[in-house]
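Heads up, the thing below is written out as structure tokens.
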Protein chains: 2
Amino acid sequence: MAASGHVTTSPDPARALELLSHSPIFGGAAPAALRPLAALGRFRTLRRGDVLFRSGDILETLFLVSSGSVRVYRVVRGGTRELTLHVEGPRQLVAGASVFGGDDPAPAHAVALQTPTEVLCLPAASVREQVFGTPALAAAVIAALARRQAELLARLEELVFSELGERLAVYLLDHAAAPHALPPNSDLAALLGTVPELVSRKLGEFYRLGLIELERRQVRVLDRAELERLAGRRGR
Amino acid sequence: MAASGHVTTSPDPARALELLSHSPIFGGAAPAALRPLAALGRFRTLRRGDVLFRSGDILETLFLVSSGSVRVYRVVRGGTRELTLHVEGPRQLVAGASVFGGDDPAPAHAVALQTPTEVLCLPAASVREQVFGTPALAAAVIAALARRQAELLARLEELVFSELGERLAVYLLDHAAAPHALPPNSDLAALLGTVPELVSRKLGEFYRLGLIELERRQVRVLDRAELERLAGRRGR
DNA sequence: CGGTGAGTTGACACCGGTCAAAGACCGTGG
DNA sequence: CCACGGTCTTTGACCGGTGTCAACTCACCG
């Protein structure tokens, strides 16, 4: 199990302000509006696999990734399957919808993907107060939520209507521009909405077709044009 | 094609204010904050099938359903399939995310489901100005977007991980508490993310199992307990 | 009475998931 | 240095749900 008992957090208002003012959400606000938030922030350092929160938790904290990355996912089918909703990197928000959406419990789990991953923890109540009272911040948060919603919609459509080969091709084109270390098949499966066995099969198939090169989990795209065709940048 | 050339709109500040102040989104604001919006609103009356907007339109209008209902859906697979995202009834918002999410084009189509359907059209720029500057409104809009996001998430999970029988059972339990006129199978298919043939099969199956009664498109639930079991309100 | 559209039903193909077994890789400890 | 154990990956066999195509029925309407 991930270490959950003992966590280290530390304040650092200067770095917090730096991070806040460079994030897409809070960047639009005047430093004066951000200073009180920065003073309340606590940095927390995680290792790969460490749990940020669990589905069902009542969140009183908003997280802003400082370095590393955080994977947000749901566990379904009685725990037999996982679906990764998104992976957030530096300057991105985690748990935005939960914190602002009333006091509903979190709908997903969040764990660190890398060692180290550092997040800035902000108390929800203060964030809300500050955001609602600052038009520029309110606008930015609303825009961020709207964008996230559009992403979810695209993801929904992809998962429901396109088949595995297409989704994998999209992934490869998005992530493997340069030679790239492939995540474990179980992670890929969670991302693509399937199971590790099928990821293995499809990768093998792409390899046999000469579309990619596979060497000890390093992939390289060989036939970008064909992959894009498979990815469904097709004209029907 | 739906009549799109000629539309009638009319202002009615008193009714608009009434509608706004009773909607879940704007209800939290002081009447003083809503009056300027109400003055800018225009009511528009639609018949079944009339188009409110199309995917790709740049929306400069926010819609609030006054009566009737509006279906928001995406067309996929080169036009061969539709997926209904949600159906909004009175006092509900349509196009919220698009209006607040920047100047991206609308990601979905919207048409009226009933005759008549009346919507209040509000100019996006004014709405934004008013919302961002009023903390109570900003909070309500953010909460609404967050809730919508949670709904989308649940829908995604349902569509990806549960099978058709479960989804149909859920639909029947949600919509056919009392005897109820079933929509055309093509509409049901769009709602459930499948094709009319399969809806027909599953309905027939439920009928043969004695779970529902079917008489000229009127359904009645006979065995609620069994339907709920099928719907996956199952343990674990 | 013929035409049109929706609903129904059968045959069939295919994708995706499950289970099980075998192989590759990597660490630890003898 | 090698043997061992665990995890991840690969592969085969198999099954079931879903989508497609086509034929047929039925109701409604001119």
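The chains referred to below are lettered A, B, ... by the order of the sequence lines, with proteins before strands, and numbering in each begins at 1. Worth saying up front: this structure is predicted, and the values here are computed from it rather than measured.
- Between the side chains of B:His86 and B:Arg155, no donor-acceptor pair of N or O atoms lies under 3.5 Å.
- Note on ring orientation: taking the six-membered ring where Trp is involved, the planes of B:Phe53 and B:Phe63 are parallel (angle under 30°, cut-offs 30° and 60°).
- Extent of DNA chain D lying under 4.0 Å from chain A heavy atoms, first and last nucleotide in 5' to 3' order, is D:dT9 to D:dA13.
- The pair A:Glu228-A:Arg224 counts as a salt bridge, with a side-chain nitrogen and a carboxylate oxygen less than 4.0 angstrom apart.
- A salt bridge is defined here as a Lys NZ or Arg NE, NH1 or NH2 lying under 4.0 Å from an Asp or Glu carboxylate O, and B:Arg48 with B:Asp187 meets this definition.
- We find that B:Arg81 and A:Glu157 are not joined by a salt bridge, their nearest charged nitrogen and carboxylate oxygen being 4.0 Å or further apart.
- Between B:Tyr73 and B:His109, the two ring planes are parallel [angle under 30°; tilted spans 30° to 60°].
- Contacts of B:Pro184 with the nucleic acid, taken as non-hydrogen atoms under 4.0 Å apart, involve only primed sugar atoms and P, OP1 or OP2.
- The line from CG of A:Asn185 to CG of A:Leu203 is 6.0 Å long, rounded to the nearest 0.5 Å.
- Across B:Leu85, B:Val94, B:Leu113, a single residue satisfies side-chain contact (heavy atoms from CB on, under 4.5 Å) together with B:Arg71, and that is B:Leu113.
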Could you pull out the protein-nucleic contacts involving nucleotides 14-20 of chain C (nitrogen or oxygen on both sides, under 3.5 Å)?
from   : atom 1 : to       : atom 2 : distance (Å)
C:dG16 : OP1    : A:Leu164 : N      : 2.7
C:dG17 : OP1    : A:Arg81  : NH2    : 3.3
C:dG17 : OP2    : A:Thr194 : OG1    : 2.4
C:dT18 : OP1    : A:Arg77  : NH2    : 3.2

